Amino acid sequence: MIFKMKQVVFFVFFIAMGCKVYAQDKKAKDLLDQVTAKVKSYDNIVIDFKYALNNTKENINQESKGNVTMKGNMYVLNLMGVTKIFDGKKIYTINPEDEEVSISKLDEKDDSAVTPSKLLTFYNSGYKYTWDIKQNVKGRQIQYIKLIPTNTKDQRKEILLGIDTQTKNIYNLIEIGKNGSKTTLTVNSFKVNQPLSKNQFTFDATKYPKYYINKLD
């Protein structure tokens, strides 16, 4: 749980609690730094994951499986029947149901968007973080770090980042929205340095001859 500073009568208690907060923050930062270093050491990452969205107020319960392949800031994401390709410059959203391809530029100013390429390192700026609970998940020790967005306009109340303490890889990410929604991404398979096609992150329009091309920029 987030460590909340309480009012105290004596100044010495205030100093003691302040030191405890600093120690927790430093411990959390050290673990996050280890995760970042591990991620940067990989040439590419291939992840199979489970996505879940829950909102009790709106009576929403959705679950889906997906996968993403990442290399640098490029990615190919498959989720809920839709494919997104980011070649480093543009995002191609391929929707077979509507037979449409939307082409747009990445909004660099949207810090709240946790894109696949930012999923494993998004926490490096824009958040306050604290050491949270540790859970045993099928023999794996998962340490949670709680992140609080520093931007008051951010619609997320908090984020819980679960990290495998042995591998230093991310196990899951839980976003709690200010509207009561809860989004969970759980990693089922984490592979690195896989053989990839040279056209892995290239959109090929010839594969979608009957699709409507919607250029949004």
Side-chain angles (χ1 to χ4, degrees), residues 1-2 4 28 32 35 45-70 75-86 91-102 104 106-107 110-123 126-165 167 169-191 211 214 216:
M1 300 296 290
I2 293 179
K4 295 182 178 180
L32 292 176
V35 174
I45 300 173
V46 179
I47 296 175
D48 289 331
F49 62 88
K50 182 175 74 172
Y51 167 88
L53 172 63
N54 305 101
N55 190 319
T56 304
K57 293 180 180 179
E58 301 294 332
N59 196 27
I60 298 175
N61 287 285
Q62 296 179 346
E63 283 194 6
S64 181
K65 291 183 179 180
N67 59 77
V68 60
T69 300
M70 297 175 282
Y75 64 81
V76 177
L77 169 67
N78 295 291
L79 180 64
M80 294 183 176
V82 176
T83 298
K84 282 182 176 288
I85 301 174
F86 180 53
I91 301 172
Y92 300 85
T93 303
I94 306 164
N95 191 330
E97 184 176 350
D98 297 333
E99 293 191 335
E100 179 179 81
V101 176
S102 297
S104 61
L106 178 67
D107 185 359
D110 187 5
D111 293 329
S112 65
V114 181
T115 62
S117 56
K118 292 163 60 180
L119 174 62
L120 304 179
T121 56
F122 75 94
Y123 46 78
Y127 300 90
K128 295 185 294 182
Y129 35 78
T130 55
W131 197 255
D132 208 86
I133 64 171
K134 179 185 284 187
Q135 290 184 339
N136 185 314
V137 180
K138 297 180 180 179
R140 299 169 64 187
Q141 297 300 313
I142 307 300
Q143 176 63 55
Y144 283 91
I145 304 296
K146 182 172 286 189
L147 301 102
I148 308 296
T150 55
N151 186 346
T152 56
K153 295 181 180 180
D154 198 309
Q155 295 305 304
R156 296 167 301 171
K157 179 182 178 182
E158 62 189 32
I159 299 171
L160 283 169
L161 194 63
I163 300 168
D164 187 317
T165 58
T167 65
N169 291 329
I170 292 177
Y171 167 70
N172 67 351
L173 181 149
I174 304 169
E175 286 189 355
I176 308 297
K178 292 179 180 178
N179 63 351
S181 64
K182 178 181 178 181
T183 303
T184 305
L185 286 172
T186 303
V187 175
N188 294 324
S189 172
F190 191 102
K191 299 178 181 179
Y211 280 46
N214 184 15
L216 302 177

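Sequence positions, counted from 1, serve as the residue numbers for this chain. Because the structure is a prediction, the values reported are computed rather than measured.
When side chains are defined from C-beta on, Ile60 does not count as touching Ser181, because their heavy atoms never get closer than 4.5 Å. For the pair Leu79 and Lys84, the minimum side-chain heavy-atom distance is 4.5 Å or more. Residues Trp131 and Ile145 form a side-chain contact, since some pair of their non-hydrogen atoms from C-beta on lies under 4.5 Å apart. Within the 4.5 Å cutoff, the side chain of Leu173 has no heavy atoms near those of the Phe49 side chain. You'll find the side chain of Asn67 stays beyond 4.5 Å of the side chain of Val46, heavy atoms only. In this structure, Lys57 and Asn179 have side chains that are not in contact, with every pair of non-hydrogen atoms separated by 4.5 Å or more.
Here the side chain of Thr165 pairs a donor or acceptor atom with the backbone of Gln141 at under 3.5 angstrom. With Thr150 contributing its side chain and Gly126 its backbone, the two residues share a donor-acceptor pair below 3.5 Å. Looking only at distances, a side-chain donor or acceptor of Gln143 sits under 3.5 Å from a matching main-chain atom of Ile133. Gln155 contributes a side-chain N or O that, together with a main-chain N or O of Lys153, makes up a donor-acceptor pair within less than 3.5 Å.
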### Query
Taking it one step at a time, do Thr130 and Lys128 satisfy side-chain contact (heavy atoms from CB on, under 4.5 Å)?
CA-CA 7 Å; Thr130 55; Lys128 295 185 294 182; over 6 Å; no
### Task
Starting from the C-alpha separation in whole Å, work towards a yes-or-no answer on side-chain contact (heavy atoms from CB on, under 4.5 Å) for Met70 and Ile47.
CA-CA 9 Å; Met70 297 175 282; Ile47 296 175; 3.8 Å; yes
### Task
Would you please test Tyr51 and Thr183 for side-chain contact (heavy atoms from CB on, under 4.5 Å) and show each step?
CA-CA 7 Å; Tyr51 167 88; Thr183 303; 3.5 Å; yes
### Message
Go through it in stages, so that I can follow the logic: the residues are Ile163 and Leu32, the test is side-chain contact (heavy atoms from CB on, under 4.5 Å), and I'd like the CA-CA distance, side-chain angles, deciding distance and then a yes or no.
### Response
CA-CA 9 Å; Ile163 300 168; Leu32 292 176; 3.9 Å; yes
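Checked by atom type, the side-chain pair Asn169/Asp164 shows no donor-acceptor distance below 3.5 Å.
The one candidate from Ile85, Ile91, Ile45 that meets the side chain to side chain contact (heavy atoms under 4.5 Å, CB included) condition with Tyr75 is Ile91.
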